[in-house]
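Both ligands and their constituent atoms are indexed starting at 1 by order of listing. Since the structure is predicted, the reported quantities are computational estimates derived from the model, not experimental observations. What's counted below: heavy atoms across the whole structure, side chains too, no hydrogens, waters or symmetry copies.
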Amino acid sequence: MAQVLILYSTTDGHTIEICKRLKSVIEGSGDSVEMANLADDPRLGDFQFDKVVIGASIRYGKHQKTVYEFIQDNGGTLDKYPNALFSVNVVARKPEKNTPETNPYLQKFLKQIDWKPQNLGVFAGKIVYPALGPVDRTMIRFIMWMTKGPTDPTGTYEFTDWDKVEEFGRRIAGL
Ligand SMILES: Cc1cc2nc3c(=O)[nH]c(=O)nc-3n(C[C@H](O)[C@H](O)[C@H](O)COP(=O)(O)O)c2cc1C
């Protein structure tokens with residue numbers, strides 16, 4: 001039985017839901033999983049683990065600063081373990097942008113960091129218009145309108161392909 005550490009970065013919590021689904025799949029395969037929020041400035045030395053996964057969401061084109069910083073500080077250590085990275089964004093709802101090779105945010109991110117994750121994932125996220133403040137709601141509605149997505153300000157739209165998340169979980173369990 002291996003121990004899997006999942007480090008995540010989230011703004012509104014959807015990435016945690018994805019991590020929880022991964023955890024349930026991985027635990028179903030016999031490994032144990034511990035999750036930690038990168039916003040809490042975790043230290044790898046404080047955890048017992050055999051594999052490590054980093055998951056982070058996009059906001060206005062970028063992952064959070066903590067994700068860049070953590071990877072820059074710990075890339076050498078991450079390399080010593082079977083590892084994976086996934087990104088969550090709404091552009092990934094589009095079939096032509098939903099793979100690690102075709103998702104622009106993941107591709108840009110990989111160019112900005114020194115670490116080369118061994119396994120990559122990209123998942124479409126969720127938009128909860130009523131939960132957003134007026135500025136964010138207007139911005140996201142505008143971006144959605146530009147990209148032919150849903151713009152109803154009272155709507156909640158979950159684009160995540162949970163089968164794909166589970167498949168990624170099985171991949172991690174198999175590392
Ligand atoms: C204010 C705001 C800005 C966002 N900016 C982008 C963006 O630039 N590109 C994109 O693909 N998705 C964008 N998203 C979508 C988020 O990545 C998506 O909602 C994701 O599920 C958020 O995950 P989280 O709840 O873990 O933070 C944005 C969402 C919000 C609310």
Name the residues in contact with ligand 1, where contact means a heavy atom under 4.0 Å away: which are they?
-> T10, T11, D12, G13, H14, T15, S57, I58, R59, Y60, G61, V88, N89, V90, V91, Y105, G125, K126, I127, L132, D136, I140
Counting only heavy atoms not in Q48, do more than 12 fall under 6.0 Å of its CD?
-> no
Linking Ile, Leu, Val, Met, Phe, Trp and Tyr by side-chain heavy atoms under 4.5 Å, what else ends up with Y105?
-> I58, V91
Closest non-hydrogen atom pair between V67 and A56, with its separation | CG2-CB, 3.8 Å
Verify the neighbour count for atom CZ of F142: are there more than 12 heavy atoms of other residues, nucleotides or ligands below 6.0 Å?
-> no
Please say whether more than 12 non-hydrogen atoms of neighbouring residues, nucleotides or ligands are located less than 6.0 Å from CH2 in W162.
-> yes
CE (M146) with more than 12 external heavy atoms under 6.0 Å | no
